[in-house]
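What follows is a single structure, written as structure tokens, with notes after it.
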There are 2 protein chains.
Amino acid sequence: MIDLARHLTRVSQRHVLNADEIAAIRDLPDEVRIFPPRSTVIREGEVIDRSTLLLSGFMCRAKQLPNGKRHMAELHVSGDFIDLHSYTLKRLDHDIETLNSCQLAFVPHHRLQAMFEAFPRLARIYWFHTSLDAANHRHWVTSIAQAQALERIATLFCEMALRLEIVGLTREGSFDFPLTQTDLGDCLGLTPVHVNRVLKTLRERELAVFRNGRVDILDQAGLRDLAQFDPAYLYLEPEPL
Amino acid sequence: MIDLARHLTRVSQRHVLNADEIAAIRDLPDEVRIFPPRSTVIREGEVIDRSTLLLSGFMCRAKQLPNGKRHMAELHVSGDFIDLHSYTLKRLDHDIETLNSCQLAFVPHHRLQAMFEAFPRLARIYWFHTSLDAANHRHWVTSIAQAQALERIATLFCEMALRLEIVGLTREGSFDFPLTQTDLGDCLGLTPVHVNRVLKTLRERELAVFRNGRVDILDQAGLRDLAQFDPAYLYLEPEPL
DNA sequence: CGTTGCCTTGAGGTGCGTCAAGTAATGTGG
DNA sequence: CCACATTACTTGACGCACCTCAAGGCAACG
């Protein structure tokens with residue numbers, strides 16, 4: 001039995017699902033595979049006919065730039081449908097990579113289509129989830145354009161803590177976060193050197209510690225205050241109406 | 001008769017529509033209104049039950065920041081469905097504002113839902129269009145994180161020229177672009193002062209001139225080269241398969 | 001004809017990048 | 001068990017892209 005518990009928890013955060021819908025979702029995957037750390041699961045541009053559900057591990061959407069630089073447009077945690085947008089886009093504008101060892105479930109697009117026709121409400125629900133991506137991107141483009149490094153890193157820690165808490169992957173403000181300082185820089189548009197200095201500041205202010213692929217939030221209120229963190233862009237509240 | 005020609009042109013760029021689908025789309029709007037320049041059509045956070053089609057004019061999605069700064073996450077041109085994502089998100093994480101005088105058509109969400117049930121393919125097609133938003137955001141978060149000001153402004157001019165050409169709003173590399181230099185800065189994460197200097201450079205290099213709410217591209221090849229412009233993120237090709 | 005909005009330019013400051021060197025932890029093979 | 005890579009982290013010195021502050025120009029407008 002494929003363990004979709006985290007995915008279902010995540011979806012249920014906003015939309016209450018009935019038994020038939022849950023059964024339909026459980027039937028989606030046709031294959032489960034483990035990928036090693038730092039592997040590229042999907043390459044930019046290739047036309048694909050299935051989407052990928054992240055059962056466990058951390059992944060990212062990475063853009064490779066012509067000048068050799070690299071940018072991570074989004075991070076993904078257990079339970080995320082990491083490339084549902086390939087259902088409509090057919091090809092991706094970015095790579096999909098693992099950060100640590102990841103368990104992935106693959107869902108053929110034709111099964112999605114069949115499910116959406118049988119359960120039109122699920123189509124709206126999954127459409128919502130791709131809209132969430134866009135909302136997340138909007139948040140980050142704004143943050144990177146307008147906020148400075150300290151605030152950005154603090155914001156990222158706040159966001160990840162919240163997202164991981166939903167799927168039960170935090171403990172007392174601490175969570176695994178298998179990134180290097182270079183990765184953090186690639187997420188936030190900073191050099192590893194500067195990331196290092198900012199992390200030192202966060203440590204000295206006793207707000208958060210990032211070490212050995214793990215984040216310990218020491219002062220959540222202080223960190224949120226520094227980040228001016230408002231989780232509205234994550235749309236965690238139940239659907240209105 | 002409401003003029004959806006530009007919208008239909010835009011949709012047809014990727015998906016060929018049949019007569020029934022076109023008729024269904026034409027039936028969507030229940031109201032058309034003109035909004036003056038610099039007006040806020042939708043405010044962040046309000047729960048809404050209709051979406052907005054931009055018939056003519058320029059609009060933007062603007063985020064107001066707690067510190068008084070402002071960021072435009074996306075620009076919209078004639079023919080764009082500017083807040084289709086409110087169909088799934090119910091509230092927006094940003095304001096929707098006009099830049100110049102705009103003609104808008106409003107589409108109640110219940111009509112969208114009825115159309116999507118009658119024409120499931122149209123659901124996928126419009127889902128695609130919200131996925132496009134996300135792809136656009138990914139492009140810009142990467143650009144702002146990794147590229148410098150000159151390159152970013154050049155990229156924006158390239159993107160707008162392409163998007164406006166599709167709906168017939170360019171003439172020989174020139175197009176209306178009713179933004180101030182401050183607006184450009186709000187799009188790209190730059191101060192008006194620096195935008196001004198970069199525009200001067202573009203002028204001096206005889207690549208592009210931005211003046212009086214109008215862009216004249218003098219050397220498209222040179223501008224694209226400077227911007228390292230690759231339009232893949234706009235998904236302008238016809239749908240694969 | 002003063003006000004207002006936008007553009008322009010200069011002078012000086014700063015957040016972050018670049019370059020460079022060194023440390024620590026882990027792994028590899030002889 | 002020890003040389004030697006390799007990878008990630010750390011810190012210092014210095015430079016640059018962009019910001020801030022400030023002043024002035026110009027056109028539109030009541």
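Just so we're on the same page: letters track the sequence lines, and every chain starts at 1.
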Atom CZ of B:Arg197 to atom C1' of C:dG10: distance rounded to whole Å?
-> 7 Å
Checking all strands, does A:Gly189 fall into the base, sugar-phosphate, or nothing category for heavy-atom contacts under 4.0 angstrom?
-> sugar-phosphate
Knowing that exactly one of B:Arg70, B:Arg38, B:Arg43 qualifies, which makes a side-chain hydrogen bond (donor to acceptor under 3.5 Å, both in side chains) with B:Glu97?
-> B:Arg70
Would you mind classifying the nucleic acid contact of A:Gly185 as base, sugar-phosphate or nothing, using non-hydrogen atoms under 4.0 angstrom?
-> nothing
So is B:Arg91 actually on top of A:Tyr235's ring, under 6.0 Å and inside 45° of the axis?
-> yes
Please list, by residue number, the residues of residues 146-158 of chain B whose heavy atoms come closer than 4.0 Å to an atom of DNA chain D; answer none if no residue qualifies.
-> B:Gln148, B:Ala149
Salt bridge flag under 4.0 Å for residues B:Arg163 and B:Asp80 | yes
A:Lys90 bridged to B:Glu237 by N-O distance under 4.0 Å = no
For atom CD of B:Glu204, is the number of surrounding heavy atoms from other residues, nucleotides or ligands below 6.0 Å larger than 12?
-> yes
With a non-hydrogen cut-off below 4.0 angstrom, is A:Thr180 in contact with a base, only sugar-phosphate, or nothing?
-> sugar-phosphate
Taken to the nearest 0.5 Å, the spacing of A:Ile144 CD1 from B:Trp140 CH2 works out to 14.0 Å
Rounded interatomic separation in angstrom, taking CG from A:Asn212 and P from C:dT26 | 8 Å
Starting from C1' on C:dG5, measure out to CZ on B:Arg38 and report it in whole angstrom.
-> 11 Å
Ionic contact status for B:Asp83 with B:Arg61, cut-off 4.0 Å | no
Contact class for A:Leu190 vs. all strands (heavy atom < 4.0 Å): base, sugar-phosphate, or nothing?
-> sugar-phosphate
Please list, in 5' to 3' order, the outermost nucleotides of DNA chain D lying under 4.0 Å from any heavy atom of chain A.
-> D:dA8 to D:dA13
Grab the CG-C1' distance between A:Asn196 and C:dG17 for me, whole Å please.
-> 14 Å
Under a 4.0 Å N-O cut-off, is there an ion pair linking B:Arg50 with B:Glu31?
-> yes
Between C1' of C:dT9 and CZ of B:Arg203, the distance in whole Å | 12 Å
Using only heavy-atom distances, determine whether the side chains of B:Asn136 and B:Glu159 contain a donor-acceptor pair under 3.5 Å.
-> yes
When rounded to whole Å, the CZ to P distance for the pair B:Phe210 and C:dC6 reads 11 Å
